[in-house]
K.L.:
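Shown below is the structure under consideration.
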Amino acid sequence: MTQPRRYDPATSEPHWQRAWQEAGVFTARRDPDREKYYVLEMFPYPSGRIHMGHVRNYTMGDVVARTKMAQGYAVLHPMGWDAFGMPAENAAMDEGGHPKDWTYRNIADMRDQMTPLGLSIDWSREFATCDPEYYGQQQAMFLDFLEAGLVYRRNATVNWDPVDMTVLANEQVEDGKGWRSGAPVERRELTQWFFRISDYSEELLEALDGLENWPEKVRTMQRNWIGRSRGLQFAFATAGAPEGFEALEVFSTRPDTLLGATFAAISADHPLAKHLERHDAEVADFVAECRRMGTSEEALETAEKTGLDTGIKVRHPFDAALELPVYIANFILLDYGTGAIFGVPAHDQRDLDFARKYELDVIEVFEPKDAPLGVHDTAYVPPKTEPVRYVRPLAGGEIQTGEAAIEAAIATCERNGVGQGVTQYRLRDWGISRQRYWGCPIPVVHCETCGVVPERKENLPIRLPEDVSFDQPGNPLDRHPGWARCACPQCGAEARRETDTMDTFVDSSWYFARFTAPRADTPTDPDAAEYWMNVDQYIGGIEHAILHLLYSRFFARAMHRTGHLPAKAIEPFDALFTQGMVTHEVTFTRDERGRPVYHLPEEVAGGKLKATGETVETIAQAKMSKSKKNVVDPVTIIGQYGADTARWFILSDSPPERDVEWTAAGAEAAHKHLARVWRLAAEAADSADPASDADTALEKAAHRAIHDVTRGIEGFAFNKSVAALYGLTNTVAKSEAGGDAKCAAMRAMAQLMAPMVPHLAEDVWALCGGDGLVAEARWPVADPALLVEDEITLPVQINGKRRSEIRVARDLPQPEIEKAALADEAVQRALGGAAPRKLIVVPGRIVNVVV
RNA sequence: GCCCAGGUGGCGGAACUGGUAGACGCGCUAGCUUCAGGUGCUAGUGACCGCAUGGUCGUGGAGGUUCGAGUCCUCUCCUGGGCACCA
């Protein structure tokens with residue numbers, strides 16, 4: 001290739017992309033002689049446009065993938081599309097057209113936008129979850145799960161929009177109203193399909209300890225989500241309750257506070273509430289009110305706590321004379337515990353708020369060890385590990401921790417025949433039914449004589465019908481004139497297909513396994529799965545910390561149980577990295593009512609609106625969103641500066657796990673730096689300077705960079721790698737070394753930059769005499785002999801404040817260091833002839849003189 | 001409301017296991033240079049006091065432990081993420 005005279009990404013980036021493609025460097029190949037490495041970024045939803053968050057995610061994955069390739073691994077780095085979901089249906093409703101066309105068009109567009117980034121992706125493995133070849137295999141697994149007893153049906157509540165006659169997602173509920181209709185949302189019960197993830201609660205919890213290469217915060221979040229708690233379950237005897245409700249089962253994690261109970265409360269969905277509702281108009285009204293609240297836990301917890309006295313009483317198990325009123329309350333969850341609790345206002349804030357509102361007693365059970373209590377508006381809830389004084393102890397000593405008191409209380413209750421200690425989990429079974437079109441059909445058939453019958457595997461995939469319309473409310477599959485009609489797989493009589501489709505989380509719970517054999521005619525291929533699993537490095541957003549990752553962990557276990565994954569893959573992601581968001585400045589003015597009016601960056605200059613000169617307000621860091629007009633389109637940036645500038649900037653500033661703010665100035669600076677590196681390479685190539693004394697220093701700097709950059713990449717601190725490369729650039733620029741030495745340093749630079757800015761790295765490599773493609777060059781290893789410094793600087797502190805420093809040989813013995821420190825002028829002055837009170841020498845670090 | 005993070009110069013951030021706070025970059029200032037069209041190079045740049053040697057203060061806030069705290073402990077304020085039908 002003829003050398004261009006300047007850095008010209010518009011020409012060189014497509015050139016090198018063609019060269020990689022021709023050499024087939026990114027095609028994953030199983031190679032028994034090499035160790036494999038599977039890098040995976042969370043696959044995107046095909047919205048139609050890539051955004052900077054994608055660029056960040058895929059660039060990070062690319063850095064890992066390219067580094068591992070250079071280190072000699074057989075790398076699998078695939079890409080696909082999480083293609084089912086509501087936006088496609090919303091688009092069909094808003095703009096007409098078909099979700100399928102919309103989705104595949106978006107996929108094509110996004111692939112076109114991603115290609116210029118020069119990612120090391122093996123595109124031959126690409127698939128979309130809406131491909132019948134994919135979701136057909138998912139249906140096959142569903143049948144296997146069903147047979148293994150991992151799937152069942154039961155009633156569950158959904159958000160129901162009474163005007164649109166449709167089920168709403170939580171995000172479609174705004175302030176308790178449907179987002180399209182504006183009608184108040186109701187809770188409604190439907191029979192739905194569930195995966196038995198709660199059977200695995202304990203295992204999913206315990207296995208978290210083994211996930212050492214996951215962020216601790218993700219493990220903590222999952223631990224809390226699974227929510228194992230030890231408590232007491234027992235039955236209150238009721239008085240004045242309808243027949244069949246002589247006992248009320250309650251669960252409490254704080255049985256030690258039982259003597260402070262002043263009321264009992266049940267969920268609005270509790271069988272007792274449902275019974276009462278049929279005979280009591282007041283209860284019916286209240287329960288209906290509760291059901292208008294929406295189904296999310298957030299909605300329940302933030303709503304004002306309300307209740308209704310049922311008139312029913314329960315007898316206190318340790319004081320038969322004491323009767324507690326039973327309330328129906330809007331903050332009790334049916335799905336957790338037994339859907340009924342006893343309230344202890346003194347030691348639970350929600351219970352206290354409730355008690356104050358309904359003028360119930362507040363009875364203190366324990367108080368701080370050395371102070372009397374007196375609960376007013378704040379419940380006393382010390383950590384369970386803190387010793388407190390029990391003034392109304394159920395069991396155990398007077399002063400004990402909550403933990404000890406709970407265990408003592410459970411033991412006492414069990415001995416007295418009042419219930420038993422049980423372990424509860426917060427984790428609920430995974431409801432996968434969706435009353436929507438654009439999802440994977442659940443492959444079962446409803447037959448009048450045989451009941452619910454699994455579809456035969458040879459009939460899979462059960463394809464979505466193409467002739468559907470979205471101009472009417474409700475589920476198009478339900479409305480479709482012929483699709484649901486079928487023959488019962490068991491008796492052959494006419495039957496009806498299930499019209500629910502699967503939650504899209506199901507699609508994303510096994511795609512990583514499918515990538516190991518994307519065209520197999522079974523869900524997975526045993527040999528491929530054995531070779532490629534597990535994912536060595538998984539990278540994605542922190543917003544998936546709980547659901548997606550927990551579901552995938554469950555799915556991998558279920559797949560193993562049904563023979564689709566080897567035992568080693570039950571924890572499918574060996575290492576996880578959660579990246580931060582890409583944010584950007586938001587600029588806005590205000591309208592006459594004080595509401596913000598957002599402006600595009602190009603409409604603003606110098607803090608003023610170009611059109612009117614009005615001063616704009618700014619928010620420094622906000623998640624990019626269309627409505628705030630602060631989206632930076634990667635396609636624009638690539639057109640302006642090239643992909644490498646976008647990649648370099650997105651890696652350079654912030655640590656990968658933190659948010660990064662996109663700034664125009666930063667992008668500009670990134671581009672200038674890349675151009676500078678290119679110039680230095682060209683100068684080095686042209687240099688006829690002979691070898692000199694400076695050559696060794698430059699070689700040392702290069703090896704220092706090899707060490708630092710490698711460490712940065714391996715520790716997921718790409719920003720530190722970038723900083724080290726800036727350092728090397730400055731050193732080369734100032735170096736008096738000869739041409740050969742400079743070329744050698746620049747070749748090292750090319751290798752170290754290759755994972756981050758692969759196109760520029762090829763330019764530099766070619767300019768400075770590198771062999772072949774840098775993409776195929778072996779990763780450099782630092783020579784330890786070139787990393788050591790002979791002399792070091794030791795800071796000298798006087799009373800903990802830095803006052804001076806001394807230069808000493810690296811391995812100077814401690815007494816010599818002490819002598820050197822005490823001889824220092826600043827130390828002499830501080831001591832004024834006296835001996836130091838104390839002398840602290842931390843070898844290689846610091847000297848502290850205490851006077 | 002509950003759970004999980006994060007707060008360091010004008011800005012993004014660095015600081016390994018408690019050991020020189022501010023690496024590296026942006027911006028800014030000054031100077032030099034120029035096939036000024038995304039210039040390039042050199043030097044300086046936490047705040048305050050001082051002519052200077054130097055000193056005082058400084059990692060959201062308040063306390064504490066330590067020879068020494070951005071880092072550990074207690075309390076507190078603010079910002080972000082998740083909360084099971086958004087993906």
K.L.:
Which nucleotide, in any strand shown, forms a Watson-Crick or G-U wobble pair with rC72(B), with both distances under 3.5 Å?
P.N.:
rG64(B)

K.L.:
Establish, with yes or no, whether the OP1 or OP2 oxygen of rA87(B) is under 4.0 angstrom from a side-chain nitrogen or oxygen of Thr504(A).
P.N.:
yes

K.L.:
Is the phosphate of rC4(B) approached by Arg219(A) (side-chain N or O, under 4.0 Å from OP1 or OP2)?
P.N.:
no

K.L.:
Quick one about Glu41(A) and Tyr538(A) (side-chain donor to acceptor, distance below 3.5 Å, no hydrogens or angles considered), yes or no?
P.N.:
no

K.L.:
Whether Arg426(A) engages the ring of Trp225(A) as a cation-pi pair (distance to the six-membered ring centre under 6.0 angstrom, angle to the ring normal within 45°) should be assessed.
P.N.:
yes

K.L.:
In Watson-Crick or G-U wobble terms, both distances under 3.5 Å, what is the partner of rG12(B)?
P.N.:
rC24(B)

K.L.:
Do the side chains of Glu714(A) and Arg711(A) get close enough for a salt bridge, i.e. N-O under 4.0 angstrom?
P.N.:
no

K.L.:
Please give the nucleotide sitting opposite rG1(B) as a Watson-Crick or G-U wobble pair, both distances under 3.5 Å, or none.
P.N.:
rC83(B)

K.L.:
So does Arg428(A) get a side-chain nitrogen or oxygen closer than 4.0 Å to the phosphate oxygens (OP1/OP2) of rA84(B)?
P.N.:
no

K.L.:
Closer to the 5' end of RNA chain B via nearest nucleotide, is it Lys305(A) or Val842(A)?
P.N.:
Lys305(A)

K.L.:
Partner lookup for rG58(B), please. Criteria are Watson-Crick or G-U wobble with both distances under 3.5 angstrom; report none if nothing qualifies.
P.N.:
none

K.L.:
Rounding to the closest angstrom, what is the interatomic distance between rG13(B) and rA23(B) at atom P?
P.N.:
15 Å

K.L.:
Counting distance alone, no hydrogens or angles: does the base of rC3(B) have a donor or acceptor under 3.5 Å from a partner atom on the side chain of Asn224(A)?
P.N.:
no

K.L.:
Check whether any side-chain nitrogen or oxygen of Asn719(A) sits under 4.0 Å from OP1 or OP2 of rG12(B), and answer yes or no.
P.N.:
no

K.L.:
Tell me which one of Trp510(A), Trp81(A), Tyr511(A) satisfies ring-ring contact (aromatic ring centres under 6.0 Å, His included) with Tyr134(A).
P.N.:
Trp510(A)

K.L.:
Using the P atom as the point on both nucleotides, what is the distance between rU74(B) and rG18(B), in whole Å?
P.N.:
16 Å

K.L.:
Between rU71(B) and rG63(B), how far apart are the two P atoms, rounded to whole Å?
P.N.:
14 Å

K.L.:
Does rG70(B) adopt a syn or an anti glycosidic conformation, taking syn as a chi angle within 90° of 0?
P.N.:
anti

K.L.:
Just to confirm, is there a sub-4.0 Å distance from OP1 or OP2 of rG7(B) to any side-chain nitrogen or oxygen of Arg658(A)?
P.N.:
yes

K.L.:
I want to confirm an ordering. Mapping Leu168(A) and Val218(A) to their closest nucleotides on RNA chain B, which one lands closer to the 5' end?
P.N.:
Val218(A)

K.L.:
For rU39(B), what is the paired nucleotide under Watson-Crick or G-U wobble rules, both distances under 3.5 Å?
P.N.:
none

K.L.:
So, is Asn730(A) near the phosphate of rC24(B), with a side-chain N or O under 4.0 Å from OP1 or OP2?
P.N.:
no

K.L.:
If only side-chain N and O atoms of Lys801(A) are considered, is one of them under 4.0 Å from the OP1 or OP2 phosphate oxygen of rG54(B)?
P.N.:
no

K.L.:
Could you measure between the two P atoms, the one in rU65(B) and the one in rG55(B), and give it in whole Å?
P.N.:
27 Å

K.L.:
Does Arg803(A) have a side-chain nitrogen or oxygen under 4.0 Å from the phosphate oxygens OP1 or OP2 of rG55(B)?
P.N.:
yes

K.L.:
In this structure, is the centre-to-centre distance between the rings of His671(A) and Tyr7(A) below 6.0 Å?
P.N.:
yes

